[in-house]
Amino acid sequence: MTEALDQAAALITQADALVIAAGAGMGVDSGLPDFRGREGFWRAYPALGRAGLDFTTVASPRTFETDPRLAWGFYGHRLALYRRTQPHAGFALLMRWGQQRLHGAAVFTSNVDGQFQRAGFDEMLIHECHGSLHWLQCLRGCGQAPWPADELEPCVDEIECRWLGELPVCPGCGGLARPNLLMFGDWGWIATHYDAQERRLARWLTNVERPVVIEIGAGTAVPSVRHFGQHLLAQHAGRIIRINPREPTVAASLGVGLPIGALDALQALHERLD
Ligand SMILES: [Zn+2]
């Protein structure tokens with residue numbers, strides 16, 4: 001482990017840019033649930049467990065149509081949770097290492113929680129590949145462009161997981177609004193905001209010569225983050241530090257794996273870098 005950490009610290013020192021590729025495991029040390037398996041999901045939302053509803057059912061456009069108060073109860077609770085959650089100390093360490101690189105740091109994440117923005121990362125260099133819960137869109141797709149959720153004040157019965165009061169509506173047509181993120185069985189997600197993020201990140205990468213990808217808490221079950229990292233390694237001859245307590249394997253020619261949690265890993269690297 002000591003050797004792996006030394007090697008990871010050296011990869012960061014040699015890089016001209018930091019690319020953070022983060023999955024659900026990044027948020028765990030801030031106290032956010034990662035919904036691993038059905039039991040993990042129901043522990044976080046006991047009312048949904050009692051009703052026998054799993055994550056893929058609740059997080060779907062169909063549930064916004066059939067039971068909008070339940071769907072909004074779930075997402076409203078999460079929005080409030082994300083707003084009051086303080087990003088853990090590892091975010092600030094990553095920011096600092098980014099500032100010490102010639103081209104700085106960029107973020108690619110499947111998380112919809114907005115924690116990198118909250119931690120102070122440059123908004124122009126974040127790509128949220130599954131969208132964000134801090135943005136809304138029209139459920140039926142009337143042509144209205146997505147809008148920020150800043151004015152939405154969730155009022156949720158947490159015991160029953162139900163939205164109380166008036167449901168969020170689309171300013172274009174007055175119909176039901178939904179989160180502007182990718183759900184399960186979702187053909188109506190409007191990704192324009194995130195496509196623009198992707199283009200900005202790609203433009204930034206054209207100047208980068210020796211990137212190091214720090215992949216954090218991204219399992220093989222939701223592969224978008226891993227695919228992004230692999231693509232970047234192939235295109236830019238980058239190296240990777242994979243932080244993952246369960247699936248840390250990396251080919252030795254590409255980088256190093258650290259089989260521990262996000263915050264532990266980042267703090268251990270901090271001791272070697274300062
Ligand atoms: Zn509409």
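First listed ligand is number 1; within each ligand, the first listed atom is number 1.
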Which pairs pass side chain to side chain donor-acceptor pair (under 3.5 Å) with one or both residues in residues 64-74, sequence neighbours excluded?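 For residues 64-74, and leaving out neighbouring residues, the side chain to side chain donor-acceptor pair (under 3.5 Å) pairs sorted by first residue read Asp67-Arg162.
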Please report the number of protein N, O or S atoms that lie less than 2.8 Å from the Zn ion (ligand 1).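 Count of protein N, O, S atoms less than 2.8 Å from the Zn ion (ligand 1): 4.
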Which atom pairs, donor and acceptor, lie under 3.5 Å between side-chain atoms of residues 214-228 and protein residues at least two apart or in another chain?
unit_1, atom_1, unit_2, atom_2, d
Glu215, OE1, Arg242, NH2, 3.0
Glu215, OE2, Arg242, NE, 2.7
Thr220, OG1, Glu247, OE2, 2.4
Ser224, OG, His130, NE2, 3.1
Arg226, NE, Ala218, O, 2.9
Arg226, NH2, Ala218, O, 3.4
Arg226, NH2, Glu247, O, 2.7

Asp6 side chain to Glu3 main-chain N or O, any donor-acceptor pair under 3.5 Å?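 Side chain of Asp6 to backbone of Glu3, a donor-acceptor pair under 3.5 Å: no, none is there.
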For Ile190, does its backbone N or O pair with a side-chain atom of Asn180 as donor and acceptor, under 3.5 Å?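 Such a contact is found between Asn180 side chain and Ile190 backbone.
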What pairs of residues pass the salt bridge (charged side-chain N to carboxylate O under 4.0 Å, His left out) test when at least one of them lies in residues 89-101, not counting sequence neighbours?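 The answer is Arg96-Asp274.
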Min side-chain heavy-atom separation Thr192-Pro146 under 4.5 Å: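 Of all side-chain heavy-atom pairs linking Pro146 with Thr192, at least one is under 4.5 Å.
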